[in-house]
Amino acid sequence: GSVSFSMKNSLISWLIQGYGVTHGERKLMPADKSQQEYFEGFQTVLKKLLPDSIGFESIEARNMEIVFVCNRGNGDFILENSSGGVSSIINMAWQIYFYSLTHSIDFTVMIDEVENHLHPKLQREILPKLISAFPSAKFIVTTHSPLVVSSLQNANIYVFHYNQDNKVEAVSLDFNSEAK
């Protein structure tokens with residue numbers, strides 16, 4: 001969708017502007033260190049967030065397509081051809097990363113049903129990986145997955161239910177005795 005289009009354009013722009021363009025000895029566009037840092041920073045985030053089984057190594061532009069280089073070139077894929085779960089993680093990473101470029105101090109990220117499109121193994125890993133990739137962010141997530149709920153030891157967990165007055169109420173759960 002529009003996130004992929006925006007991401008693709010920004011990444012290609014960061015690549016071209018970041019590393020510059022030369023023709024022989026002639027420098028057609030000088031390199032821009034800040035654009036290069038944006039590009040490298042997003043790759044660092046993806047290395048922390050994407051499943052280890054993908055073997056993500058880097059991003060390249062080939063024929064104006066964004067290619068994710070994986071497993072020493074044996075698992076490369078184009079941005080638009082990523083699976084539902086991987087696409088979901090890439091889009092999440094992009095939106096948070098792009099926001100973090102201008103809000104590098106503490107910020108809060110809200111994600112509804114963080115487990116959507118994720119394999120059970122990824123459901124267990126997504127929150128710890130997000131926290132590792134974005135240490136200055138606080139995350140508020142909703143989930144129906146016990147795998148997500150039990151993935152962090154030091155989280156505040158709330159369940160929403162109807163009370164005796166038929167009003168929705170948030171109740172804090174004790175992680176050790178109730179959350180599992």
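One-based numbering along the sequence shown. Just so you know, these numbers use all the heavy atoms, side chains as well, and skip hydrogens, waters and symmetry mates.
- Atoms CZ and CG, from Phe134 and Leu49 in turn, are 6.0 Å apart once rounded to the nearest 0.5 Å.
- Distance CD1/Ile105 to OG/Ser136: 9.0 Å, rounded to 0.5 Å.
- Applying the salt bridge (Lys or Arg N to Asp or Glu O under 4.0 Å) test to every pair with at least one member in residues 58-70, sequence neighbours left out, gives these pairs: Lys8-Glu65, Glu60-Arg62, Arg62-Asp76.
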TODO: Take Lys129 and Asp52 through the test salt bridge (charged side-chain N to carboxylate O under 4.0 Å, His left out) and record every step on the way to the result.
DONE: CA-CA 11 Å; Lys129 285 179 177 254; Asp52 296 337; 3.6 Å; yes
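- No donor-acceptor pair closer than 3.5 Å links the side chain of Ser10 to the backbone N or O of Met7.
- Counting only distance, with no hydrogens or angles, the side chain of Asn91 and the backbone of Ser87 share a donor-acceptor pair below 3.5 Å.
- Side-chain atoms of Asn71 come within 3.5 Å of backbone N or O of Ile54 as a donor-acceptor pair.
- Between the Thr142 side chain and the Glu113 main chain, a donor and an acceptor come within less than 3.5 Å of each other.
- Rounding to the nearest 0.5 Å places NZ of Lys138 at 14.0 Å from CE of Met110.
- Considering CE of Met92 and CG of Asn116, their distance stands at 9.0 Å, rounded to 0.5 Å.
- Screening residues 152-169 for salt bridge (Lys or Arg N to Asp or Glu O under 4.0 Å) gives no qualifying pairs among residues at least two apart or on separate chains.
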Open item on the list: Run Met64 and Ile12 through side-chain contact (heavy atoms from CB on, under 4.5 Å) and show every step you take.
Closed with: CA-CA 7 Å; Met64 297 306 283; Ile12 289 172; 3.7 Å; yes
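- Here Tyr38 contributes atom OH and Gln43 contributes atom CD; the two are 16.0 Å apart, rounded to the nearest 0.5 Å.
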- [ ] With side-chain contact (heavy atoms from CB on, under 4.5 Å) as the test, would you mind laying out the steps for Ser82 and Phe68 before giving the verdict?
- [x] CA-CA 9 Å; Ser82 57; Phe68 292 78; over 6 Å; no
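- Summarising the hydrophobic clusters (Ile, Leu, Val, Met, Phe, Trp, Tyr; side-chain heavy atoms under 4.5 Å, direct or chained), the residues clustered with Phe160 are Tyr162, Val168.
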TODO: Please lay out, stage by stage, how Ile140 and Ile111 fare under the test side-chain contact (heavy atoms from CB on, under 4.5 Å).
DONE: CA-CA 6 Å; Ile140 298 173; Ile111 305 170; over 6 Å; no
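- Annotation: side-chain contact (heavy atoms from CB on, under 4.5 Å) contacts of Leu15 (sequence neighbours excluded): Tyr19, Phe39, Ala61.
- When side chains are defined from C-beta on, Trp94 counts as touching Leu11, because their heavy atoms get closer than 4.5 Å.
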Task: side-chain contact (heavy atoms from CB on, under 4.5 Å) between Leu50 and Ile89, worked out - done: CA-CA 7 Å; Leu50 287 173; Ile89 291 170; 3.9 Å; yes
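- As a member of the Ile/Leu/Val/Met/Phe/Trp/Tyr network built from side-chain separations under 4.5 Å, Tyr158 groups with nothing else and remains a singleton.
- Ile90 and Ile78 fall into different hydrophobic clusters, where Ile, Leu, Val, Met, Phe, Trp and Tyr side chains are chained together by heavy-atom contacts under 4.5 Å.
- His117 NE2 to Ser83 OG: the interatomic distance, rounded to the nearest 0.5 Å, is 10.5 Å.
- Linking Ile, Leu, Val, Met, Phe, Trp and Tyr whenever their side-chain heavy atoms come within less than 4.5 Å leaves Ile16 and Val69 in two separate clusters.
- For the pair His161 and Val171, the minimum side-chain heavy-atom distance is below 4.5 Å.
- Judged by distance alone, the side chain of Glu125 and the main-chain N or O of Pro51 form no donor-acceptor pair under 3.5 Å.
- Under the ring pair (Phe, Tyr, Trp, His ring centres under 6.0 Å) rule, Phe107 has a single partner from Phe98, Phe139, Tyr97, Tyr99, which is Tyr99.
- Between Leu130 and Val109 there is no side-chain heavy-atom pair separated by less than 4.5 Å.
- Cluster membership check: Val67 does not share its hydrophobic cluster with Phe5, using side-chain heavy-atom separations under 4.5 Å among Ile, Leu, Val, Met, Phe, Trp and Tyr.
- Not counting sequence neighbours, the partners of Ser145 by the side-chain contact (heavy atoms from CB on, under 4.5 Å) test are Glu115, Gln123, Thr143, Leu147, Val148.
- Checked by atom type and distance alone, the side chain of Gln36 pairs as donor or acceptor with a backbone atom of Gly18 at under 3.5 Å.
- Judged by distance alone, with hydrogens and angles left aside, the side-chain atoms of Thr44 form a donor-acceptor pair with the main-chain N or O of Glu40 at under 3.5 Å.
- Ser88 contributes no side-chain N or O that, together with a main-chain N or O of Gly84, makes up a donor-acceptor pair within less than 3.5 Å.
- Ion pair Glu37/Lys33 not flagged as a salt bridge, since none of the NZ, NE, NH1 or NH2 atoms sits closer than 4.0 Å to an Asp/Glu carboxylate oxygen.
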